[in-house]
Amino acid sequence: MTNDAAERKLALSHLWVAFIAFILACFMGEYQVLERSGFISAMDSPTVYFASVSTHGVLMAFVLTSFFIMGSGYYIAVTSLKQAVWNRTLAWGGFWLAVAGTVIAAVPLLTGRASVLYTFYPPIVAHAAFYIGATLLVAGSWVWCAIMLLMLRQWKMAHPGQVVPLAMFATAMNALLWLWASAGVALEILFQLIPLSLGWTDTIDPGLARTLFAWTLHPIVYFWLIPAYTAFYVFLPKQAGGYLFSDEMARLAFIVLAVFALPIGFHHLYMDPEQASGWKLLHGVGTFVVALPTLVTGFAVLASLEIAGNLRGGKGLFGWIGCLPWTNTMVLSVILSLLMLIFGGFGGIVNASYAMNAMVHNTAWVPGHFHLIFAGTTVIMYFAIAYYFWPMLVKKPLYSNALALLQLWLWFIGMSILTTPWHVLGLLGQPRRVSGVVYNNLLTLSWKPYELMMILGGLILLGSACLFIYNLAKTQLHPTQEVFAGEIEYAEPMHAVASLPEWLNDITLWNKVIAVLMAISFGYPILQFFFIHAPGASPWGF
Ligand code: HAS
Ligand code: CU1
């Protein structure tokens with residue numbers, strides 16, 4: 001097998017695992033919204049519901065994302081650096097480790113012995129195999145991180161003083177972000193949850209567990225998001241027929257995103273007692289800082305679209321909008337993604353505002369927020385990247401562009417119909433993490449029409465997801481004489497970048513900055529569990 005074919009196989013294998021996890025989880029999602037609504041009483045089963053919702057969450061949040069990011073990351077690295085994957089055998093080792101972890105975790109999940117949701121907060125405890133599987137999945141992703149960082153180093157040594165391609169800069173930033181982010185949950189699993197689930201200790205401190213999980217929980221969402229932003233910056237402008245508004249601004253956005261995603265996780269703990277309000281304030285301020293690179297991104301993407309529209313003959317203030325190639329899957333996805341980002345991001349700002357968080361925390365508003373901004377804004381860009389890469393990966397043209405456009409519109413419509421009622425229900429007081437919403441009183445009667453809308457939204461999403469898988473499978477398996485010879489095209493900035501200061505061209509400095517910020521924001525809040533004796537469990541339980 002040539003280098004090129006072997007690398008395509010590596011990327012494709014990761015992407016298929018991601019999308020198989022995705023389609024299975026979509027079926028579970030539709031079941032869950034039906035079960036919870038209480039419309040079909042025969043479906044009523046908290047046991048099956050929590051097994052399903054835990055599996056759905058793990059498949060979407062950990063399996064889809066990790067495998068997608070690894071697969072697309074390898075392909076971006078080899079095509080942007082024009083360099084082979086560093087140690088392909090090791091890359092396959094990471095892949096199989098992550099697959100093994102997924103399978104090991106799936107057994108207790110599907111048999112109802114790990115119904116602990118994707119956040120697995122103690123004191124609920126799963127079978128040890130769940131935590132061991134999750135650890136192996138994360139360990140597999142660490143292999144990917146190491147390979148990305150080594151490839152960046154190799155390239156920099158071979159090209160001293162040259163500008164690192166933006167796509168690789170963003171991918172390496174994401175690898176660095178994930179190494180830091182996953183350390184929190186790794187500590188929680190290794191020192192608290194595995195010993196507890198194996199019976200080596202009787203109790204652990206759930207406050208410490210939640211603090212360690214919060215270390216991971218915010219940056220993980222940016223780990224998921226960065227591939228979407230990468231596509232905004234490095235694929236969209238060319239696909240739209242224009243130029244990237246600014247390469248330097250994009251780098252700055254990725255830096256702020258990665259650096260400030262990490263020290264701010266306490267906005268998930270605002271309503272928790274174990275951390276003092278001063279620390280929550282500090283993390284709260286950081287949360288508003290991390291919204292800035294998104295605003296910058298929104299501005300830059302819109303500017304890139306405007307440049308493209310004008311180059312294509314757009315006149316006047318808004319003429320460019322009509323001149324955009326709306327039938328290009330990348331362009332359409334980005335526009336729909338941005339629309340969902342406006343509302344999903346607005347919800348995020350509400351969450352991050354302490355007083356309003358008290359109103360929405362643990363209500364249906366929160367799954368409304370993250371389905372819109374993750375499953376909407378982020379996952380629609382995973383589709384876009386898949387549609388863009390598939391013909392290059394399988395060397396055949398996309399089976400149907402029309403079907404792909406239909407699928408993207410359906411995803412957008414379905415997600416809007418699913419998440420708008422979810423937000424409203426949250427404001428009406430419906431709790432999250434419940435297996436049924438039928439309380440037989442007048443207040444909850446008013447929830448019914450919203451539940452109905454959500455079932456419809458879920459159905460549309462399920463249809464869209466099936467179309468997506470069908471199109472990819474057909475592209476790969478459909479017999480055709482036509483060979484797709486196109487290559488990945490990275491956008492050029494409006495003003496070419498001849499040289500950059502080292503801080504915009506490397507991640508070493510940012511690694512140090514993250515270390516300092518993490519020590520400040522998590523040092524004392526974690527150490528306090530060890531030196532302030534509180535009643536109840538000791539931190540590690542022994
Ligand atoms: Fe979040 C909870 C705050 C972004 C995911 N979030 C969650 C959970 C998940 C999640 C999974 O502060 C649930 C965790 C759990 O299970 O408990 N989130 C934020 C903030 C942002 C944010 C401030 N979240 C995300 C992203 C996610 C994600 C991205 C996944 C990919 N989130 C929170 C908080 C909680 C939370 C609290 C805890 C809630 C609780 O109490 O439990 C920000 O990054 C958002 C910034 C975005 C904006 C939008 C700007 C708009 C732009 C659009 C430009 C468009 C233009 C026009 C100009 C401020 C950039 C377009 C025109 C066209 C023609 C198209
Ligand atoms: Cu967060």
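Counting begins at 1 with the first residue of the sequence. Indexing begins at 1, ligand by ligand and atom by atom, following the structure's order. Everything numeric in this text was worked out from a predicted model, so none of it was measured.
Leu225 counts as a contact of ligand 1, since one of its heavy atoms falls under 4.0 Å from the ligand. Residue contact check for ligand 1: Tyr222 places a non-hydrogen atom closer than 4.0 Å to it. Residue contacts with ligand 1 do not include Thr297, since none of its heavy atoms lies under 4.0 Å from the ligand. Distances shorter than 4.0 angstrom do not occur between any heavy atom of Tyr270 and any atom of ligand 1. Contact analysis leaves Met60 out of contact with ligand 1, as no non-hydrogen atom separation drops below 4.0 angstrom.
In terms of protein heavy-atom proximity, atom 34 (C) of ligand 1 is closest to Asn351 CB, 3.2 Å. Protein heavy atom in closest approach to atom 64 (C) of ligand 1: Leu302 CD1, 4.3 Å. At the shortest separation from atom 4 (C) of ligand 1 among protein heavy atoms lies Ile373 CD1, 3.6 Å. Looking only at protein heavy atoms, the nearest one to atom 3 (C) of ligand 1 is Gly348 O, 3.4 Å. For atom 60 (C) of ligand 1, the closest non-hydrogen atom of the protein is Thr294 O, 3.2 Å. Looking only at protein heavy atoms, the nearest one to atom 51 (C) of ligand 1 is Ile342 CA, 4.0 Å. Nearest non-hydrogen protein atom to atom 41 (O) of ligand 1 is His361 ND1, 2.6 Å. Looking only at heavy atoms of the protein, atom 50 (C) of ligand 1 is closest to Leu295 CD2, 3.7 Å.
The aromatic rings of Trp447 and Tyr439 sit perpendicular to each other, their planes meeting at more than 60°, with 30° as the lower class boundary. Between Phe468 and Phe19, the two ring planes are perpendicular [angle over 60°; tilted spans 30° to 60°]. Using a 30° and 60° split on the angle between ring planes, His283 and Phe522 fall in the perpendicular class, above 60°.
Checking Met271, His371, His369, His268 against atom 38 (C) of ligand 1, the nearest heavy atom belongs to His268. In this structure, of Tyr229, Phe370, Phe299, Tyr354, the residue bringing a heavy atom nearest to atom 13 (C) of ligand 1 is Phe370.
Of all atoms in ligand 1, numbered sequentially from 1 with element shown, those under 4.0 Å from a heavy atom of Thr287 are 23 (C). Atom numbering of ligand 1 starts at 1 in the shown order; those under 4.0 Å from a heavy atom of Thr378 are 31 (C). Near Phe374, the atoms of ligand 1 lying under 4.0 angstrom from a non-hydrogen atom of the residue are 30 (C), 31 (C). Under a 4.0 Å criterion applied to the non-hydrogen atoms of Ile335, ligand 1 contributes the atoms 65 (C). For ligand 1, the atoms sitting less than 4.0 Å from at least one non-hydrogen atom of Tyr118 are 11 (C), 13 (C), 14 (C), 15 (C), 16 (O), numbered in the order shown with element in parentheses.
Here Leu281 contributes atom CG and Tyr354 contributes atom OH; the two are 10.5 Å apart, rounded to the nearest 0.5 Å. Atoms CG and OH, from Leu15 and Tyr75 in turn, are 10.5 Å apart once rounded to the nearest 0.5 Å. In this structure, the separation between CG on Leu341 and CE on Met381 is 11.5 Å, given to the nearest 0.5 Å. To the nearest 0.5 Å, atom NE2 of residue His14 and atom CD1 of residue Ile69 are 11.5 Å apart.
A donor and an acceptor atom, one from each side chain of Thr297 and Tyr233, are located under 3.5 Å apart. No hydrogens or angles considered: a donor-acceptor pair under 3.5 Å links the side chains of Tyr387 and Gln407.
For CZ of Phe412, the number of neighbouring non-hydrogen atoms (other residues, nucleotides, ligands) closer than 6.0 Å is greater than 12. Residue-environment remark: CZ (Phe346) stays at or below the threshold of 12 foreign heavy atoms within 6.0 Å. Residue Phe223 qualifies as enclosed at atom CZ: its count of foreign heavy atoms under 6.0 Å is above 12.
Checked by distance only, ligand 1 and Trp224 stay at 3.5 Å or farther apart across all their nitrogen or oxygen atoms.
With a 4.0 Å heavy-atom cut-off, ligand 1 is reached by the side chain of Asn357 but not by its N, CA, C or O. If you look at Met340 next to ligand 1, there are no close heavy atoms at all, none under 4.0 Å. When heavy-atom distances to ligand 1 are checked against a 4.0 Å cut-off, Val366 comes that close only through its side chain, counted from C-beta outward.
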Original post:
Would Thr419 and His371 satisfy side-chain hydrogen bond (donor to acceptor under 3.5 Å, both in side chains), going step by step from the backbone distance to the final call?
Top reply: CA-CA 7 Å; Thr419 56; His371 279 81; over 6 Å; no
**OP:** Applying side-chain contact (heavy atoms from CB on, under 4.5 Å), run through Asn351 and His267 and close with a yes or a no.
**Re:** CA-CA 8 Å; Asn351 297 342; His267 60 234; over 6 Å; no
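Between ND1 of His218 and NE2 of His267, the angle at the Cu ion (ligand 2) works out to 90°, rounded to 10 degrees.
Residue contacts to atom 1 (Fe) of ligand 1: His218 brings no N, O or S atom closer than 2.8 Å.
Asp272 places no side-chain N or O within donor-acceptor distance of the main-chain N or O of Glu274, the cut-off being under 3.5 Å.
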